[in-house]
Trainee: 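After the structure tokens below, expect a handful of questions from me.
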Amino acid sequence: MIIKSKKIFITTAVFFAFVDRNHPKHQQSSAYFRYFAQEKYHLTTASFSISKTYYQLRRHMSYPIAKDFLRTLFLGNIEIIYPDESMTKAALKLIFQNTGYDLNIDQALTNIIAYRAQVLQICSFEYSSFYFGIRLFELPF
């Protein structure tokens, strides 16, 4: 029997789509969070994902909505991981060693953080290369 990990890394794209009700992926992101709550998943994200989401919300929606997003995270139970120097260097090394896909620093850091936190699935709407056995989260049918 395969034991499925209940740890998920949430990216900026999913947070933004969840908050913005006019976003084309809002229904899908809402379904993700509903499923995570029902199945009692342990949610993680990175500090830079929060910062990027906050910036996008301020820019595309409003300052009060962006502030409410931060308040919700502060009061919620999503684990926030802060990349340190060793994670940043590992992400840079991953970028330099990668010869195929154009990997950006956020994607590399996401892979490193997830790997070190033993998170095997990333919830995202953006295409990305996944390393270390990490895979994209998909809702079961």
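Computed over heavy atoms, backbone and side chain alike; hydrogens, waters and symmetry mates excluded. What you see is a predicted model; the values in this text were computed from it and never measured.
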Trainee: Can you sort out the partners of E85 under side chain to side chain donor-acceptor pair (under 3.5 Å), two or more places apart, ordered by chain and number?
Mentor: K89

Trainee: Should the heavy atoms of other residues, nucleotides or ligands under 6.0 Å from CZ of F132 be counted, would the total exceed 12?
Mentor: yes

Trainee: Output yes when a side-chain donor or acceptor of K7 lies under 3.5 Å from a complementary backbone atom of Y41, and no otherwise.
Mentor: no

Trainee: Side chains of I112 and Y131: does their closest heavy-atom pair fall under 4.5 Å?
Mentor: no

Trainee: Remaining members of Y55's ILVMFWY cluster at a side-chain heavy-atom cut-off under 4.5 Å?
Mentor: none

Trainee: Start with the C-alpha distance between L94 and L103, add both sets of side-chain angles, then the distance that settles side-chain contact (heavy atoms from CB on, under 4.5 Å), and finish with yes or no.
Mentor: CA-CA 9 Å; L94 184 60; L103 189 66; 3.8 Å; yes

Trainee: Output the distance between atom OG1 (T12) and atom CD (E126), rounded to the nearest 0.5 Å.
Mentor: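 So the gap between those two atoms works out to 7.0 Å.
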
Trainee: Contact between R116 and S86 at the side-chain level, heavy atoms closer than 4.5 Å - yes or no?
Mentor: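 Contact flag for R116/S86 side chains = yes.
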
Trainee: Would you call the rings of F69 and F15 parallel, tilted or perpendicular, taking 30° and 60° as the class edges?
Mentor: perpendicular

Trainee: A side-chain contact here means heavy atoms from C-beta on lying under 4.5 Å apart; do V19 and L57 qualify?
Mentor: yes

Trainee: Quick check: does any side chain N or O of H42 sit under 3.5 Å from a backbone N or O of K6, one acting as donor and the other as acceptor?
Mentor: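 It does not hold such a pair.
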
Trainee: Roughly how far, to the nearest 0.5 Å, is the CG atom of D84 from the CD1 atom of I113?
Mentor: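 Between I113 CD1 and D84 CG, I get 9.0 Å after rounding to 0.5 Å.
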
Trainee: Which heavy-atom pair separates F125 from A17 by the least distance, and what is that distance?
Mentor: CE1-CB, 3.6 Å

Trainee: What's the verdict on side-chain contact (heavy atoms from CB on, under 4.5 Å) for F9 and L43, showing C-alpha distance, side-chain angles and the deciding distance?
Mentor: CA-CA 6 Å; F9 186 96; L43 304 180; over 6 Å; no

Trainee: Determine whether a donor-acceptor pair (N or O, by modelled atom type, separation under 3.5 Å) exists between the side chain of T45 and the backbone of I80.
Mentor: no

Trainee: For the CD atom of Q121 and the CD1 atom of I10, what is their distance to the nearest 0.5 Å?
Mentor: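 So the gap between those two atoms works out to 10.0 Å.
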
Trainee: For the backbone of C123 and the side chain of T11, can you confirm whether one donor and one acceptor N or O come within less than 3.5 Å of each other?
Mentor: yes

Trainee: Would you please test I134 and I122 for side-chain contact (heavy atoms from CB on, under 4.5 Å) and show each step?
Mentor: CA-CA 7 Å; I134 297 168; I122 295 175; 3.6 Å; yes

Trainee: Quick check: is F74 connected to F16 through a chain of hydrophobic side chains (ILVMFWY, heavy atoms under 4.5 Å apart)?
Mentor: no

Trainee: Under 4.5 Å between any side-chain heavy atoms of L92 and I105, yes or no?
Mentor: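 In short, these two side chains touch, coming nearer than 4.5 Å.
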
Trainee: Contact between D20 and M61 at the side-chain level, heavy atoms closer than 4.5 Å - yes or no?
Mentor: yes

Trainee: Drop me the distance from F137's CZ to I8's CD1, to the nearest 0.5 angstrom.
Mentor: 5.0 Å

Trainee: Hey, is the main chain of S49 close enough, under 3.5 Å, to the side chain of T53 for a donor-acceptor pair?
Mentor: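 Pair found, side chain donor or acceptor close to backbone of S49.
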
Trainee: If the condition is side chain to side chain donor-acceptor pair (under 3.5 Å), which residues does S29 pass it with, not counting sequence neighbours?
Mentor: none

Trainee: With a 4.5 Å cut-off on side-chain heavy atoms, are I95 and Q107 touching?
Mentor: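 Contact flag for Q107/I95 side chains = no.
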
Trainee: Is L75 reachable from I50 through a run of I, L, V, M, F, W or Y residues, each pair having side-chain heavy atoms under 4.5 Å apart?
Mentor: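 No, no single cluster joins them.
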
Trainee: Once the angle between the rings of F36 and Y32 is folded into 0 to 90°, is it parallel (under 30°), tilted (30 to 60°) or perpendicular (over 60°)?
Mentor: parallel

Trainee: Where the side chain of Q28 meets the backbone of K25, is there a donor-acceptor pair that is under 3.5 Å apart?
Mentor: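 Checking the backbone N and O of K25 against the side chain of Q28, no donor-acceptor pair under 3.5 Å is found.
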
Trainee: In Å, rounded to the nearest 0.5 Å, how long is the span from CG of L73 to OH of Y54?
Mentor: 12.5 Å

Trainee: For Q38, I'd like to know if atom CD has over 12 heavy atoms of other residues, nucleotides or ligands within 6.0 Å.
Mentor: yes

Trainee: CG/L120 to OH/Y115 distance, rounded to the nearest 0.5 angstrom?
Mentor: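 With rounding to 0.5 Å, CG (L120) is 10.5 Å from OH (Y115).
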
